[in-house]
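Step one of this worksheet: look at the structure below.
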Amino acid sequence: MRRLTAEERALWRKVVETVSPLDGRALPPIEPLAAAPPTPRPTAAKAAPKAARQPKAPGTTLDASWDRRLSRGLVAPDRIVDLHGHNLATAWAMIDDRLDAAISAGDRLVLLVTGKPREGGTGRGAIRAAVGDWLAASRHAGNIAAVRNAAPRHGGAGALYIILRRRRAPA
């Protein structure tokens, strides 16, 4: 998943400002426009010490055994978040709340059910299309180790696995 550029964030902010919420509901918070500083690349032959390494972006930190077990549906989710019947605003609020609870409880695998596109539909649903950007920009991004498509037994194209980082015991 890639992050939005400053230009894309500014454009998105303009779009969001033209929207009025339904039935007095509040819009989810908008990401600030401040540009993220560029990530420095190590120039020395040695890698940075472990404590100084930057956390990897969601989706890049699983080993092959995790990916194999997930693709076969062999890992049972610790928590299931079903977004059927939600709109974009309520879906984002629910994801944020449930991820907060999952992290607090020490869960490792959250199954996020977004729903499949309608029959004959050519694209993804609005919630499924937005989930990647939401997770990357969320306050929980540092706790997310990876996001993967769910196995068919857990919803296939209509669901995602969110793998949370393991909590380290204080030293």
Side-chain angles (χ1 to χ4, degrees), residues 1-22 24-42 48 51-62 66-67 70 77-117 123-150 154-155 157-168:
M1 268 180 284
R2 74 172 182 85
R3 295 192 183 268
L4 296 176
T5 65
E7 183 178 290
E8 290 169 332
R9 281 195 310 268
L11 182 60
W12 182 247
R13 181 177 288 279
K14 286 180 182 179
V15 170
V16 170
E17 289 170 352
T18 65
V19 175
S20 50
L22 297 174
R25 297 179 187 158
L27 289 173
I30 302 171
E31 181 180 346
L33 284 177
T39 306
R41 295 185 182 237
R53 289 185 191 151
Q54 295 291 327
K56 293 183 179 181
T60 60
T61 60
L62 292 185
W66 256 99
D67 276 328
L70 287 172
D78 298 311
R79 188 173 303 256
I80 298 173
V81 180
D82 189 346
L83 300 177
H84 283 101
H86 288 271
N87 62 32
L88 288 171
T90 61
W92 170 239
M94 182 176 227
I95 291 170
D96 186 60
D97 181 57
R98 297 307 192 278
L99 279 178
D100 195 35
I103 292 164
S104 296
D107 293 345
R108 287 296 312 277
L109 183 64
V110 176
L111 178 65
L112 182 66
V113 180
T114 60
K116 295 181 182 177
R124 300 180 296 176
I127 292 174
R128 176 64 181 250
V131 164
D133 291 332
W134 284 347
L135 294 175
S138 80
R139 63 188 174 113
H140 304 295
N143 293 312
I144 298 173
V147 178
R148 297 289 191 263
N149 290 324
H154 289 135
L160 295 168
Y161 293 127
I162 301 173
I163 301 91
L164 300 173
R165 293 185 190 281
R166 188 178 1 203
R167 281 187 172 174
R168 301 284 184 201

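For reference, positions follow the sequence shown, starting with 1.
Residues Asp78 and Arg108 approach most closely at OD2-N, 2.8 Å, considering heavy atoms. Ala136 and Ala141 get closest at one heavy-atom pair: O-CB, 3.5 Å. Of all the heavy atoms in Leu164 and Asp107, the pair that sits closest is CD1-O, 3.5 Å. Closest approach of Arg128 and Asn149 over heavy atoms only: NH2-OD1, 2.8 Å.
Once rounded to the nearest 0.5 Å, the distance linking CD1 of Ile127 with CG of Leu83 reads 5.5 Å. Remark: Arg98 CZ to Arg79 CZ distance equals 8.0 Å, nearest 0.5 Å. Trp92 contributes atom CH2, which lies 11.0 Å from atom CG of Asp97 (distance to the nearest 0.5 angstrom).
Ring-plane geometry between His154 and Tyr161 is classed as perpendicular, the angle between the planes exceeding 60 degrees on a 0 to 90 degree scale with a lower cut at 30.
When side chains are defined from C-beta on, Leu99 does not count as touching Arg139, because their heavy atoms never get closer than 4.5 Å.
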Using the side chain to side chain contact (heavy atoms under 4.5 Å, CB included) rule, take Val81 and Leu111 through it: C-alpha gap first, then chi angles, then the decisive distance, then the call. CA-CA 6 Å; Val81 180; Leu111 178 65; over 6 Å; no
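Judged by distance alone, the side chains of His140 and Asp100 never bring a donor and an acceptor atom under 3.5 Å apart.
The one candidate from Val147, Ile95, Ile80, Asp82 that meets the side chain to side chain contact (heavy atoms under 4.5 Å, CB included) condition with Leu112 is Ile95.
Of the possible donor and acceptor atoms, one in the side chain of Arg165 sits under 3.5 Å from a partner among the backbone N and O of Gly142.
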